[in-house]
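First comes the structure, then the notes that go with it.
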Protein chains: 2
Amino acid sequence: MKTYYCDLEISLEVIGGKWKGLILYHLIKGPKRTSELKKLVQSISQKMLIQTLRELETDGLIHRETYKQVPPKVEYSTTELGQSLEPMLRALCSWGGDYAEKTFSEGEYQILSVE
Amino acid sequence: MKTYYCDLEISLEVIGGKWKGLILYHLIKGPKRTSELKKLVQSISQKMLIQTLRELETDGLIHRETYKQVPPKVEYSTTELGQSLEPMLRALCSWGGDYAEKTFSEGEYQILSVE
DNA sequence: CGGCATCCAATTGGATACTG
DNA sequence: CAGTATCCAATTGGATGCCG
């Protein structure tokens, strides 16, 4: 039996880790193909991208749709459960922007939106 | 110059990782001594606890107060910046509880609050 | 009590090559 | 295009011992 000492430990197990929150956040803004996600999160390796997607799928946060065609097409989207994290991820995202403005110096960082 | 492709990457850099969010959450509920934090997050090692606290301090989310006495006493508390994450961490925490109820089977997990 | 240093095991993660 | 497998480097993290 799994033992937790705080509900937050459960959330962090599901969306914690280096990439899960970020990938999920991009999918919350709309379904994406594998290659699109790779572009949105450039620093992730293909291996980690796939691995992260598998974990999110296993935990019921995203859905994987395969189109049987050549060349193959796969599209990922959020489930209702995954989508329910939208307010928190949006708030965190906005917090990150504020944090950077307050904390970093001009010219010390840049944000290149790839939307 | 640091480059980000999404503001969320900034937040995750600051409160991501295995322990930062959890430690911060406990401190948001009130100042704690080192040994108290260790009790609240039993599965963390002393090394990781100290390391996590240093990182949170460096990023300006928590404050470390040393009382010069024997035996030594150290107390950690949130800064205003750290406290500003309260709504998000509380929401995430509550989400984790809901997730567990929906997803886990009875007897598959337990939550032992140590408050 | 709170913290640091060292050593070592385990895990993570990247590069590359290959498949349908 | 999407994904898998393998190998290897880097990082993480735990156990232990020591210090003020």
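The sequence lines fix the lettering, A, B, ..., with proteins before strands; numbering per chain opens at 1. Being a predicted model, the structure only gives us computed values, none of them experimental.
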Is the closest side-chain heavy-atom distance between [X] and [Y] below 4.5 Å?
X	Y	answer
A:I23	A:L53	yes
B:K2	A:F104	no
A:K29	A:R90	yes

Suppose we screen for ring-ring contact (aromatic ring centres under 6.0 Å, His included). Which residues come up paired with B:W19, at least two apart in sequence or across chains?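 B:W19 satisfies ring-ring contact (aromatic ring centres under 6.0 Å, His included) with no residue once adjacent residues are dropped.
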
Under 4.0 Å: is that the gap between some side-chain N or O of A:R33 and OP1 or OP2 of D:dA2?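 Yes.
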
Near-strand residues of residues 68-79 of chain B, defined as heavy-atom separation under 4.0 angstrom from DNA chain C: B:P71, B:P72, B:V74, B:Y76

Interatomic distance where [atom1] belongs to [X] and [atom2] belongs to [N] [whole Å]:
X	N	atom1	atom2	answer
A:I44	C:dG14	CD1	P	8 Å
B:K38	C:dG3	NZ	P	14 Å
A:R64	D:dA2	CZ	P	10 Å
A:R54	D:dA5	CZ	P	11 Å

For the helix from C:dC1-D:dG20 to C:dG20-D:dC1, what is the angle between the axes at its two ends, each from 5 pairs, rounded to 10°? 50°

Any chance you could lay out the side-chain contact (heavy atoms from CB on, under 4.5 Å) test for B:S11 and A:Y99, step after step, and finish with the verdict? CA-CA 8 Å; B:S11 323; A:Y99 177 85; over 6 Å; no

Output the residues of residues 13-20 of chain A in contact with DNA chain D, where contact means a heavy atom of the residue under 4.0 Å from an atom of the strand; sort by number or write none.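 Heavy-atom cutoff 4.0 Å gives no residues at all.
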
Might you work through the side-chain hydrogen bond (donor to acceptor under 3.5 Å, both in side chains) test for A:E86 and A:Q83, ending with a clear yes or no? CA-CA 5 Å; A:E86 178 171 9; A:Q83 196 67 30; 3.1 Å; yes

Could you pull out all residues at least two apart from A:R33 that satisfy salt bridge (charged side-chain N to carboxylate O under 4.0 Å, His left out)?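 With neighbours one apart ignored, the set is empty.
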
Within a 6.0 Å radius of atom CD on B:Q69, are there more than 12 heavy atoms belonging to other residues, nucleotides or ligands? yes

Determine whether a donor-acceptor pair (N or O, by modelled atom type, separation under 3.5 Å) exists between the side chain of A:S77 and the backbone of A:P31.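 No, the answer is negative, given that no donor and acceptor are paired below the 3.5 Å cut-off.
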
Collect all protein-nucleotide pairs involving nucleotides 6-12 of chain C in which both atoms are nitrogen or oxygen and the distance is under 3.5 Å.
none

